[in-house]
Each structure stands twice: as C-alpha cells, then as structure tokens.
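Reviewing the structure listed below.
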Amino acid sequence: MSRPVRVRFAPSPTGPLHIGGVRTALFNYLFAKKHNGVFYLRIEDTDQNRFVPGAEAYIMEALEWLGISPSETIGKNERFGPYRQSERKPIYKAYADQLVNTGWAYYAFDTAEALDAHRKQHEAEGKTFIYNWHNREKLDTSLVHSKEVIEKRIAAGEDYVIRFKTPVNETLYLKDIIRGDVKFETNLLDDKVLFKSDGMPTYHLANIVDDHLMETSHVIRGEEWLPSMPLHCLLYKAFGWDAPEFAHLPLILKPIGNGKLSKRDGDKMGFPVFPLEWKNEEGISSGYREKGFFPEAVINFLALLGWNDGTDQELFSLEELVSKFDLNRVHKSGAKFDPEKNKWFNHQYLQKQSDTLLAASFSPIVAEKGISTVLDLTRIVSLIKERAHFVAEFWDLADYFFIAPTTYDEKASKNWKEETPELMQQLIAIINPIEDFTSMTIETLVKEWLTQNEIGMGRVMQPFRLSLVGALKGPHLFDIVELIGKEETIKRLEKAIATL
C-alpha cells in the first residue's frame, strides 16, 4: 500500500442504521485493522431536511454494541475534525468556487419551475431530460452570460447552484478493487449539483473534499454508489488530488425474490433489519440486540454476506476475521439474506457462552414469571441450551423445572397404560429411600429395579417423564429428577397417578 490505510464509514443520520450499512462499516473496520490502519466515522448530515433526531446517537451505539467502534469520530481523537459535516460548512464554498474559477464548474440559476417545464417538454417528445453537455449552454447558466452579469445576479441575492462541468466525449477507464476495470462514457453523465442554494454542499462535493482532507486511502462503500464513481474520480482530477482506491460492495438481497433487502422484508418475515431497536411515531422496529442476538453472531453472519476466506469455515471470531479479510475475496454479485442461517449462527455462539453468564441472563426471565427459586439455574441452562437459539427460548425449554405440569400431552398420554399406576407406585417406593439423590445414583437404582423385575424401559421411562414434564421432552430424565428434588418428584408422580 502506497500510503497509510485510512478508511471511513460515513452514514447520514436519516433514521436507524440498516444492516447493509452495518456490513459496510464492518468491512471498513476489518480492512483498517488488517492493515494496521485507521477506521473513522464521519456523519454526513448536509441534507438537513432529512435529518432525524436521535439517529446519530443510534449509529454510535450500534457500532459500540457490535464491537467495531471507530478510532476517530465526534469527540474521540478528532485529528481531522469536525467529524460532522454540518460543522464543516464553511470549508466547502471555497472548493466549489475553486472549481468555477478553474472551469470545472459553473453557476446555474434555473428555477425549479423552469426545470420542471423542461422535463415535461422532453416527456411530451418521448425524451428524458438530462442536465449536461448537450443543453447546459442553452439554460440559465454562467456559461452563457458574462462574468459581470453573473456577479450582479449573485450580488442581488438571486438563488443559484454550482454544477460540475462534465467533460465531453471522454471514456473513463477506472479501477475498482472488487469489480476490476469499469468504463464510463462522460456524455451519458449529468452535470451534478455540487453546491446548493441553501449554502450547503451536496453529498458529492462534501464527500470528496472531506475524504481528501481526512486523508482517506480507500473508499469502501455499497454498490449503489458505483454510478457516482466517475463524478468522484473527475472531481479528484479537477482538484489535482490523488484519488483513493475504490471498492464497491455487493448488495444484500431479499431472502425471497429479487432486489435489495428492505425493512418491509423484515416486517413481513419477522426478522430485524436494524442492529438495535428503533422507536418513532410510526411505531417500533425490532433490533438484533433486543431480539437476543449476540453481537459476535451478528458480526459473523454479516461478514459472510458477500465474502469468504476460500474455505468451508463458517465460525470466525472478530480477530480471525481481521487476519483473514481480503477485499479481493469479496464477491461482485449480491448476497441473499438468510434469516434461518442467522439464527443458526446465534445458536452456535449461544453454545460457546459460559453457563454462568447464560444463567445470569435467564434469571430475570424466571423472576418475571413471578417465580422465586432455589434451583440451580446454571445447571438447568447447561441441560437445555443445546436446544435453544436465544436465551428468550430458555423458559419454554425449562418451565417444568419450576412449575409442575397441570396438563399432559394428549399423544404422549397414550403411553399411560392400565398397569402404569402400579409401576409408578413401585417407582416411588424405589426413589423414596434414596439418600444420595444424584442423577447417577437414582438412574443406577431405578435401572437395577427394572432389570431385576424384567420390566421394559419404555413401560416406566415414558410415563415417568410424562409425570414430571407433562410431555415427552426435555434433557436426561434423571438430571431433571435430581434438580427438582425427591419431594417434588414424588409429588408429581402421585399427581399423575391421580390425574391420568
């Protein structure tokens, strides 16, 4: 790499951070860490009409939760501050003027009404109106008026914008790290607005100026910005600056059908598309954090949306991702979003968690059910976690530890035969005198009884489980017996005998 790696994530605070934006931040973070570089966060809030209160804080909190916080941002190592574009407003006008003075841009005084009339006229003729080389000298611009006239109009307070003067009849051959060589014809490009009548720059100007001043070495962003690449490269040329290297990431696609993943897809299929919960007047949108996903699981499945290391490995720690990440292994085509696979990832990370930590997360759920218990939650978690994707599922997997069944699974009740009450009474007689009430001891003594009396396992074990759990589910039966204790075990057996 010819210069130190400095990459940025530059979202607009227009609402919650989409999972596609999170992946962009992640790939920038991984690239920076891999090359001992800097990952910084810049807030691009030049469009004040779309600014949403709370969105900026949401972005910061989401990156923090995911463990991919920037090295530099608002209030943190502000080497190239401010990191909020609205606070950089005085910087941009001078650069816009520089482009006008060097012939790379021009003033345009067209009103919204005039431009709308042009569009309608073109539509009536079956054409598309594009503001560029073929009509810019026929419109109300500084290209057709004298310098004196333009200065007078500006001094009089007329509204104007500054547009980029796209070169004519040029073919641009540009390089993208992911897509290779890409070609653009300048005659097909429009003359984008660089500076608006409200005194704010557009994304295009502010983005290039800030990336240059903040010494950005690589621009890693979503595929939707690929059409902007020729303008941005031309702007670097117009300023006489070295352009960063570009890498345009593939889209994250809908689980079903075609197109980009949207919030509507998540609402329809019941999965989050935002890292954290988002509340506004329209309602509440769920987040991965509140749904019970581990941040490490979210990072892992996002990393594999459009990238792999060339092996069959699926589970990566953040450190492993950093060491293996390579932009050359990012795919060009879009990556389908798979909600079921995401749950699989969370299941894998749940199994890695210590039982003590999981028990601490389970404890409030038990308390919410109004249950005060002396049962060993850590042991219970160790028995049930293999069947869970989320901590929130623990209660449904373990409720019978805390509450004796009041009903019995109808299908399983068919295992309760005419002989079963007598066998359950004999089982009580075996269990009652046991002093070393541990799973192993209980199992040994019960199986000895079965063997000595030539009683088939199924005749006892299924009704026994049904009596304790209310269904034929749950972990090793004698682990359940040990945990709920002798008194509770006998009480449940007696209730089943009376009920079934």
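Given the structure is predicted, the values throughout are model-derived calculations rather than measurements. In what follows, residues are counted from 1 in the order of the sequence shown.
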- Task: Begin with the C-alpha distance, continue with both residues' side-chain angles, and end with the deciding distance and a verdict on salt bridge (Lys or Arg N to Asp or Glu O under 4.0 Å) for K192 and D190.
- Result: CA-CA 6 Å; K192 291 284 188 197; D190 56 337; 3.4 Å; yes

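We find that E158 and R153 are joined by a salt bridge, their nearest charged nitrogen and carboxylate oxygen being less than 4.0 Å apart. Classification of D211 and R42 as a salt-bridged pair holds, one side-chain N sitting under 4.0 Å from a carboxylate O.
Remark: F51 engages no residue in a ring pair (Phe, Tyr, Trp, His ring centres under 6.0 Å) (not counting sequence neighbours). With sequence neighbours left out, Y92 forms a ring pair (Phe, Tyr, Trp, His ring centres under 6.0 Å) with no residue at all. For Q121, the side-chain contact (heavy atoms from CB on, under 4.5 Å) test picks out E125, with sequence neighbours left out.
Taking the six-membered ring where tryptophan is involved, the planes of F301 and Y288 are tilted, since the angle between them lies from 30° to 60°.
Within the 4.5 Å cutoff, no side-chain heavy atoms of E56 are placed close to those of E61.
Judged by distance alone, the side chains of D191 and T166 do bring a donor and an acceptor atom under 3.5 Å apart.
Side chain of D326 to main chain of D309: no donor-acceptor pair is present (N/O by atom type, distance under 3.5 Å, no hydrogens or angles). In terms of modelled atom types and a separation under 3.5 Å, the side chain of D265 and the main chain of K254 share no donor-acceptor contact. Side chain of R163 to backbone of A105: no donor-acceptor contact under 3.5 angstrom is found.
Geometrically, R136 does not engage Y131 in a cation-pi contact, judged by NZ or CZ lying under 6.0 Å from the ring centre and within 45° of the ring axis. Both the sub-6.0 Å distance and the 45° axial angle are not jointly satisfied by R289 relative to the ring of F293.
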